[in-house]
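Numbered from 1 within each chain, the chains take letters A, B, ... in sequence-line order.
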Amino acid sequence: MLDKNGIAKRIAKEIKDGYYVNLGIGIPTLVANFIPDGINVVLQSENGLLGMGPFPFEGEEDADLINAGKQTITTLPGSSIFDSAMSFGMIRSQKIDLTILGAMEVSENGDIANWKIPGKMVKGMGGAMDLVASAKNIIVAMQHVNKAGESKLLPKCSLPLTGVNCIRKVVTELAVLDILPEGGFKLIERAPGVSVDYIKQVTAGKLFADDGAPEMILD
Amino acid sequence: MLDKNGIAKRIAKEIKDGYYVNLGIGIPTLVANFIPDGINVVLQSENGLLGMGPFPFEGEEDADLINAGKQTITTLPGSSIFDSAMSFGMIRSQKIDLTILGAMEVSENGDIANWKIPGKMVKGMGGAMDLVASAKNIIVAMQHVNKAGESKLLPKCSLPLTGVNCIRKVVTELAVLDILPEGGFKLIERAPGVSVDYIKQVTAGKLFADDGAPEMILD
Amino acid sequence: MINKVVTGADEAIRDIKDGSTLMLGGFGLCGIPENCITALVKKGVKRLTCISNNAGVDDFGIGLMLQQRQVKKMISSYVGENAEFERQLLSGELEVELIPQGTLATRCMAAGYGMPAIFTPAGVGTEVAEGKEIRNFNGKDYLMEYAFDADFALVKAWKGDTTGNLIFRSTSRNFNPVMAMAGKITIAEVEELVEPGTLDPDHIHTPGVYVHRIFQGANYEKRIEQRTVRPRN
Amino acid sequence: MINKVVTGADEAIRDIKDGSTLMLGGFGLCGIPENCITALVKKGVKRLTCISNNAGVDDFGIGLMLQQRQVKKMISSYVGENAEFERQLLSGELEVELIPQGTLATRCMAAGYGMPAIFTPAGVGTEVAEGKEIRNFNGKDYLMEYAFDADFALVKAWKGDTTGNLIFRSTSRNFNPVMAMAGKITIAEVEELVEPGTLDPDHIHTPGVYVHRIFQGANYEKRIEQRTVRPRN
């Protein structure tokens with residue numbers, strides 16, 4: 001079973017040289033720490049930056065330079081700044097090669113719910129609806145089961161949707177799964193020590209796992 | 001009867017302090033030479049400049065700095081440069097206070113034709129259709145009659161239209177005329193030495209001139 | 001030279017009235033019109049509709065206006081980090097319309113570019129799409145979203161000149177240029193007000209034609225919301 | 001570091017084929033991709049559809065491609081000053097679609113911004129509106145116009161870095177940034193190619209994400225179409 005860093009590490013392997021990548025808040029942010037050497041990527045922050053660098057050294061924080069999580073960050077050689085309309089313009093026109101974001105639920109046909117829980121204070125969707133509706137390549141980083149032990153990979157999302165039929169790949173603490181164009185989760189890899197049977201047990205949506213799946217290699 | 005400079009001079013009197021103005025090619029360009037002292041205006045050139053300055057001194061021409069007529073020009077303190085989409089964005093959103101352009105024909109309901117003569121090589125509408133469709137305040141600088149002595153102020157344009165119901169004021173070699181919201185040319189001023197009767201005679205569109213009109217004062 | 005300079009925030013916001021619709025630039029607390037907000041709190045105008053990506057924090061930004069119950073409605077993409085906001089929302093004092101961030105930005109741009117509506121895929125198949133026209137282009141569904149209609153846009157720039165030209169610094173640019181284009185009256189506050197000719201025409205982000213009033217802000221706190229740093233090695 | 005640099009114009013345009021649809025930046029002869037045009041003439045590709053505000057003059061710009069009869073169709077707002085163009089048009093060899101300049105620019109922007117269509121009042125009530133959907137918003141009629149779909153965009157910038165970031169100089173900016181955003185493959189030629197970190201992130205007009213290939217042009221004539229000067233007093 002993977003911890004958050006493990007999920008991030010596994011997702012980092014999906015990043016190809018030359019990619020422009022948008023990382024959501026939470027586990028997706030951790031992915032930046034695991035990008036392999038020799039893989040050149042540019043991180044987009046949807047508040048208006050391409051080429052997001054690491055956090056600043058203490059004392060060098062700049063109130064004018066933050067990421068979409070409102071954290072102080074830095075630029076890198078080659079960075080560019082633009083306004084919010086252009087930022088979502090490049091998202092909508094699919095110039096971003098890969099989007100990684102978290103989810104509360106994903107359905108077997110690629111729907112995603114990650115912004116609203118009825119009865120709880122709703123903070124808003126931020127840029128998530130734009131990202132999931134536009135991106136050609138979305139990977140979801142999420143927990144396979146909730147605290148009550150219930151599957152979050154469902155036949156149909158129970159929570160209000162963020163986007164429909166848009167997710168292609170899910171990486172959880174237990175597995176890597178593709179979402180098939182015709183519907184259903186296809187087991188691609190298992191986390192170390194996790195059995196196919198267990199994954200079947202905690203995947204409520206349609207699962208294709210009869211061929212088994214290799215254990216993932218993280219290093 | 002006014003010459004081209006006279007028409008430009010008369011139109012210049014319509015410019016108010018603080019105006020952003022777009023000048024078309026031909027007589028409208030001449031208007032810049034007659035803007036009264038103390039009247040601050042900013043000239044927009046739709047290829048992407050606010051704050052168009054005079055022609056450069058000889059030897060200081062810059063191939064990268066031209067106006068919409070492709071003439072070498074200069075910038076002024078306060079000038080700004082932008083792309084063509086923003087240029088027409090500010091035109092469409094009516095940030096330009098006054099547009100002055102030429103016409104082949106204008107109709108009594110404010111239609112304008114100035115881009116195409118059937119049977120002749122058509123060079124294109126350039127930015128004229130955007131300007132006439134968007135601007136809140138358009139003055140047309142034109143000849144009252146064509147070379148055959150026929151009126152160009154018509155009940156209905158005979159040439160393909162550039163825009164419909166958009167012109168509010170026309171300044172010709174003979175007169176200043178408003179186009180009334182309900183239709184018709186209202187004579188406002190006569191050029192020096194031109195009679196109301198003559199204007200009636202060469203205005204094919206509906207003309208309201210029974211109250212007479214003062215002779216224009218140019219200086 | 002056209003001169004847009006006003007004496008300060010109080011004069012700039014003089015005609016913002018109870019019930020006005022405002023756009024406020026900024027992302028989180030980054031690039032917000034601090035001095036205009038202070039003046040609005042002082043003036044005490046009520047029942048405002050605020051179009052802003054976020055709603056500030058309890059004691060800064062739009063949060064200050066919420067404390068004084070000046071806001072009737074927020075139109076935002078994300079409104080976390082604000083307890084008073086949450087209280088007013090749950091009590092029904094405050095109305096909130098949540099819209100996708102890209103839709104928010106593009107509806108501003110549409111207003112500035114004289115486009116009455118735009119098409120975006122954001123929100124298709126979600127509750128955001130309810131009641132909206134859906135249209136298919138090339139096999140993909142889009143929502144038609146309308147340009148915003150705001151009485152005032154309040155933006156914050158780094159430098160500006162007296163004719164209203166603006167330059168933004170780093171990610172404090174965010175929504176400011178698109179809102180600057182979109183206000184019926186656009187008020188710009190700047191950290192440094194300079195004479196025309198000081199700014200390179202090629203570097204100007206917002207041409208002065210979009211700006212109606214400009215002033216140098218008396219004070220900038222520029223608060224940081226999430227101070228994240230790394231150790232020196 | 002992502003590196004978009006190609007050796008020169010010939011490599012940059014290597015996969016432009018007979019029948020390709022190209023966008024070419026520039027206004028008149030100002031800011032045109034001179035080196036790409038030279039390479040296209042040399043390569044001799046035919047039946048091109050060219051989206052460009054103008055069509056050059058007889059012996060410069062797109063005019064050079066017209067001389068070689070490489071252009072099947074021009075989509076432009078104004079095509080004067082070109083005798084060979086006129087000859088081909090009248091003989092039926094060349095197809096021309098004239099569209100309003102703002103519509104041209106905004107259809108490029110729409111492509112770059114992922115908006116399948118936009119609304120503009122330009123052309124309502126004229127022959128430009130024929131066959132197009134007209135829609136009324138707030139009492140005013142607008143035409144719905146579609147985003148362009150171009151295989152390649154060829155743009156010319158002043159400076160660019162190896163990651164594709166571009167800065168334009170003065171009014172040579174014109175259509176270049178909106179076309180840069182709109183090409184499936186965007187090729188940028190620059191007067192000066194610099195290392196990443198040289199250009200101020202706040203000054204970049206076209207972020208590198210939009211640019212697929214970049215090179216420093218071997219030669220820039222930068223011809224002036226209308227040399228207008230005033231006397232020194």
Side-chain angles (χ1 to χ4, degrees), chain A residues 15-22 35 37-53 62 64-67 73-99 127 129-137 163 166, chain D residues 1-6 23 106-118 146-150 153 157 159-168 177-186 188 193-214:
Chain A
I15 297 177
K16 296 197 173 67
D17 192 39
Y19 265 15
Y20 290 86
V21 180
N22 182 292
I35 296 168
D37 287 344
I39 298 289
N40 295 298
V41 302
V42 175
L43 301 180
Q44 195 231 25
S45 191
E46 67 263 27
N47 56 317
L49 170 65
L50 275 166
M52 179 164 54
D62 178 348
D64 288 340
L65 181 49
I66 64 170
N67 65 16
I73 48 158
T74 55
T75 57
L76 293 170
S79 286
S80 59
I81 302 283
F82 34 86
D83 66 43
S84 300
M86 182 181 269
S87 184
F88 285 92
M90 67 181 67
I91 287 168
R92 273 196 309 269
S93 67
Q94 308 196 321
K95 301 294 175 185
I96 306 301
D97 299 293
L98 177 61
T99 296
M129 283 194 184
D130 306 275
L131 283 161
V132 299
S134 303
K136 53 191 168 188
N137 188 6
C166 52
Chain D
M1 202 77 68
I2 292 179
N3 190 315
K4 314 266 178 93
V5 178
V6 294
M23 287 178 169
T106 314
R107 289 176 65 188
C108 293
M109 187 180 77
Y113 275 36
M115 303 189 297
I118 55 100
Y146 294 99
F148 280 123
D149 187 16
K159 291 185 180 180
D161 71 23
T162 58
T163 73
N165 291 309
L166 304 179
I167 291 180
F168 303 91
V178 286
M179 290 184 169
M181 295 191 298
K184 282 200 198 69
I185 303 278
T186 290
L193 184 63
V194 301
E195 289 302 311
T198 313
L199 306 178
D200 185 332
D202 285 339
H203 294 170
I204 288 165
H205 297 124
T206 298
V209 69
Y210 286 114
V211 175
H212 301 84
R213 300 170 195 165
I214 189 167

Taking the side chain as every heavy atom from C-beta outward, state whether D:Met1 and A:Pro77 have any pair of such atoms under 4.5 Å apart.
->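 With C-beta onward as the side chain, the pair touches.
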
Going by side-chain contact (heavy atoms from CB on, under 4.5 Å), name the residues that satisfy it together with [X], two or more places apart in sequence or in a different chain.
| X | value |
| --- | --- |
| D:Ile185 | D:Phe152, D:Ile187, D:His212, D:Arg213 |
| D:Thr206 | D:Leu166, D:Phe168, D:Pro177, D:Ala180, D:Tyr210, D:Val211 |
| D:Lys184 | D:Asp149, D:Asp151 |

Least distance between heavy atoms, [X] atom then [Y] atom:
| X | Y | result |
| --- | --- | --- |
| D:Pro207 | A:Met90 | CG-CE, 4.1 Å |
| D:Val209 | A:Lys95 | CG2-O, 3.5 Å |
| A:Ser93 | D:Gly112 | OG-O, 2.8 Å |
| A:Tyr19 | D:Ile2 | O-CD1, 3.8 Å |

Exam field: side chain D:Asp202 to backbone A:Ile81, donor-acceptor pair closer than 3.5 Å |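 Flag not set: sc D:Asp202 to bb A:Ile81 has no pair under 3.5 Å.
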
Would you mind checking which part of [X] comes under 4.5 Å of any heavy atom in chain A, side chain (CB onward), backbone (N, CA, C, O), both or neither?
| X | result |
| --- | --- |
| D:His203 | neither |
| D:Met109 | neither |
| D:Ala111 | backbone |

Roughly how far, to the nearest 0.5 Å, is the CG atom of D:Asp200 from the OG atom of A:Ser80?
->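 CG of D:Asp200 is found 11.0 Å from OG of A:Ser80.
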
So which of D:Asn165, D:Thr163, D:Asp161 has the biggest tally of heavy-atom pairs under 4.5 Å with chain A?
->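 Winner by heavy-atom pair count: D:Asn165.
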
Would you please go through residues 42-51 of chain A and name the residues with a non-hydrogen atom below 4.5 Å from one of chain D, in numerical order?
->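 Only A:Val42, A:Leu50 of residues 42-51 of chain A have a heavy atom under 4.5 Å from chain D.
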
